[in-house]
Novice: 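Quick one: the structure is below, and I'll ask about it shortly.
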Amino acid sequence: MPHAPASPLLASRPAGPLTGRLRVPGDKSISHRALMFGALAVGETAITGLLEGEDVLRTAAAMRLLGAEVTQLAPGEWRVSGRGVGGLTEPADVLDMGNSGTAARLLCGLLAGHPLFAVMTGDASLRKRPMKRVTDPLSATGAVFRTREGGRLPLAVQGAADPLPLDYVLPVASAQVKSACLLAGLCAPGVTRVVEREPTRDHTENMLRHFGASVSVEDTAEGRVILLTGRPELVAAPVHVPGDPSSAAFPIAAALLVPGSRVVVENVGLNPLRAGLFATLREMGARLTIENERVEGGEPVGDLVAEHGPLRAVDVPPRRAPSMIDEYPVLAVLAGFAEGETRMRGLQELRVKESDRLAATAAMLAANGVAARIEGDDLVVQGQGGATSGGPVPGGGTVETHMDHRLAMSALVMGLGTRAPVAVDDAAFIDTSFPGFAALMNRLAGGEALRAP
């Protein structure tokens with residue numbers, strides 16, 4: 001599917017503080033999984049709060065092509081009539097996953113365990129992203145994958161007629177690879193074993209249990225060992241999708257930067273394996289608190305209250321990266337306004353996101369007057385302090401987004417605090433994860449802080 005014409009956007013300092021209460025779109029990771037597990041369950045799964053960004057809508061379309069009935073009843077309210085484990089049918093058309101690496105990699109696992117032939121593609125950005133990290137371990141099930149050079153999309157798969165269970169130690173911390181292996185294991189007899197040396201987001205394990213699968217997790221000397229008993233009967237179960245913490249990061253960061261601001265983001269998912277940014281912000285001295293904490297559908301949620309105040313530099317350890325991998329660009333923005341030098345360690349995973357996010361984040365900062373450098377897999381940002389004085393960061397640059405929604409939103413948040421406006425070359429891809437982002441930020445600002453140049 002061709003990309004729509006570029007949509008440049010400009011962000012400038014608002015006349016006053018950001019204020020208000022809001023809800024961000026549903027968690028993207030949980031939304032993808034709710035649709036996929038609903039398609040594998042027996043019965044009708046009711047989903048509320050589903051993220052209706054382009055990435056998740058691609059997953060919904062793929063589940064329809066694979067034989068599930070997927071229906072939108074109202075905004076955020078969906079129903080999925082599933083086929084049962086092993087019951088997906090061969091698609092009559094190519095599965096186009098758009099910009100979503102999560103959907104593409106998880107779907108590889110889903111397809112590997114079904115005796116069907118399918119072809120998957122994506123947009124220009126996704127076709128550059130490596131898939132060998134999932135196709136290599138999944139080939140041990142008996143599935144056969146054919147890809148472009150470098151293991152890239154378009155990809156063809158012949159799923160295994162009699163899939164074998166996997167016993168796999170993750171070489172890198174990746175919830176996508178872990179989830180793909182577990183999805184393939186659903187269709188295999190016996191026990192699938194996956195070991196991760198560093199814990200990654202556990203939405204797949206939580207949702208497997210929610211739908212009735214037998215999953216155990218044990219911390220051992222080898223790492224975190226996940227055992228899944230294959231061929232369960234998954235039974236339809238309601239899913240209430242909390243607000244996406246990765247999306248909540250942007251209005252929270254904006255409130256921390258703009259003098260006098262106080263913003264409440266309601267119903268945010270607070271899974272500890274996703275909350276690394278919030279822990280880091282507190283270490284930076286951010287005025288960030290949690291209210292109304294509770295558990296819904298096996299996931300902790302709460303309301304986040306962010307208020308403007310000074311920030312100080314921190315050293316972010318590499319072990320925290322899996323719990324905040326998508327939030328480093330916006331953290332780098334905040335580091336530019338903090339006092340002192342911030343070092344973010346162990347960011348190799350950023351090189352294989354929608355863009356090379358590590359290089360692109362450093363370029364975004366440099367284009368707007370913030371000194372940043374890459375040392376190995378670390379990003380080092382020299383903060384300019386003085387956030388309470390309205391932001392000494394010069395701004396004035398145009399950021400090349402590389403079709404990366406999170407980079408675009410991070411740059412626009414930066415423009416709310418810089419002396420001169422910040423432009424992005426293309427904001428169209430923001431809709432993949434955060435539909436209505438510009439309108440929401442303008443509502444908090446009480447005017448057009450984000451506008452077409």
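Throughout, residue positions are numbered sequentially from 1 according to the sequence presented.
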Novice: Per the salt bridge (Lys or Arg N to Asp or Glu O under 4.0 Å) rule, what does the pair list look like for residues 242-257, sequence neighbours excluded?
Specialist: Asp244-Arg274

Novice: Could you list the residues that satisfy salt bridge (Lys or Arg N to Asp or Glu O under 4.0 Å) with Glu198, not counting sequence neighbours?
Specialist: none

Novice: Is the side chain of Asp426 donor-acceptor paired with the backbone N or O of Ser7 at a distance under 3.5 Å, no angle test?
Specialist: yes

Novice: Do any N or O atoms from the side chain of Arg127 and from the backbone of Gly122 form a donor-acceptor pair under 3.5 angstrom?
Specialist: yes

Novice: Would you confirm whether Arg148, through its side chain, and Leu153, through its main-chain N or O, come within 3.5 Å as a donor-acceptor pair?
Specialist: yes

Novice: Are any of the side-chain nitrogens in Glu296 or Arg294 under 4.0 Å away from the carboxylate oxygens of its partner?
Specialist: yes

Novice: If we ignore hydrogens and angles and just use 3.5 Å, is the side chain of Glu291 paired with the main-chain N or O of Asp303 as donor and acceptor?
Specialist: no

Novice: Asp326 side chain to Ser246 main-chain N or O, any donor-acceptor pair under 3.5 Å?
Specialist: no

Novice: Should Asp96 and Arg58 count as an ion pair when the cut-off is N to O under 4.0 Å?
Specialist: yes

Novice: Before accepting this row, confirm whether a basic side-chain N of the pair Arg33/Glu205 lies closer than 4.0 Å to the acidic partner's carboxylate O.
Specialist: no

Novice: Sub-3.5 Å donor-acceptor pair from the side chain of Ser100 to the main-chain atoms of Met97, do we have one?
Specialist: no

Novice: Please determine if Arg443 and Glu448 form a salt bridge, counting it only when a charged side-chain N lies under 4.0 Å from a carboxylate O.
Specialist: no

Novice: If we ignore hydrogens and angles and just use 3.5 Å, is the side chain of His210 paired with the main-chain N or O of Pro238 as donor and acceptor?
Specialist: yes

Novice: Could you pull out all donor-acceptor pairs under 3.5 Å where a side-chain atom in residues 102-112 meets a protein atom, sequence neighbours excluded?
Specialist:
unit_1: Thr102; atom_1: OG1; unit_2: Gln176; atom_2: NE2; d: 3.0
unit_1: Arg105; atom_1: NE; unit_2: Pro130; atom_2: O; d: 3.4
unit_1: Arg105; atom_1: NH1; unit_2: Gln176; atom_2: OE1; d: 2.6
unit_1: Arg105; atom_1: NH2; unit_2: Pro130; atom_2: O; d: 2.7

Novice: Does Asp202 come within less than 4.0 Å of Lys178, counting only side-chain N to carboxylate O?
Specialist: no

Novice: For Asn368 and Met364, indicate whether the former's side chain and the latter's backbone hold a donor-acceptor pair under 3.5 Å.
Specialist: yes

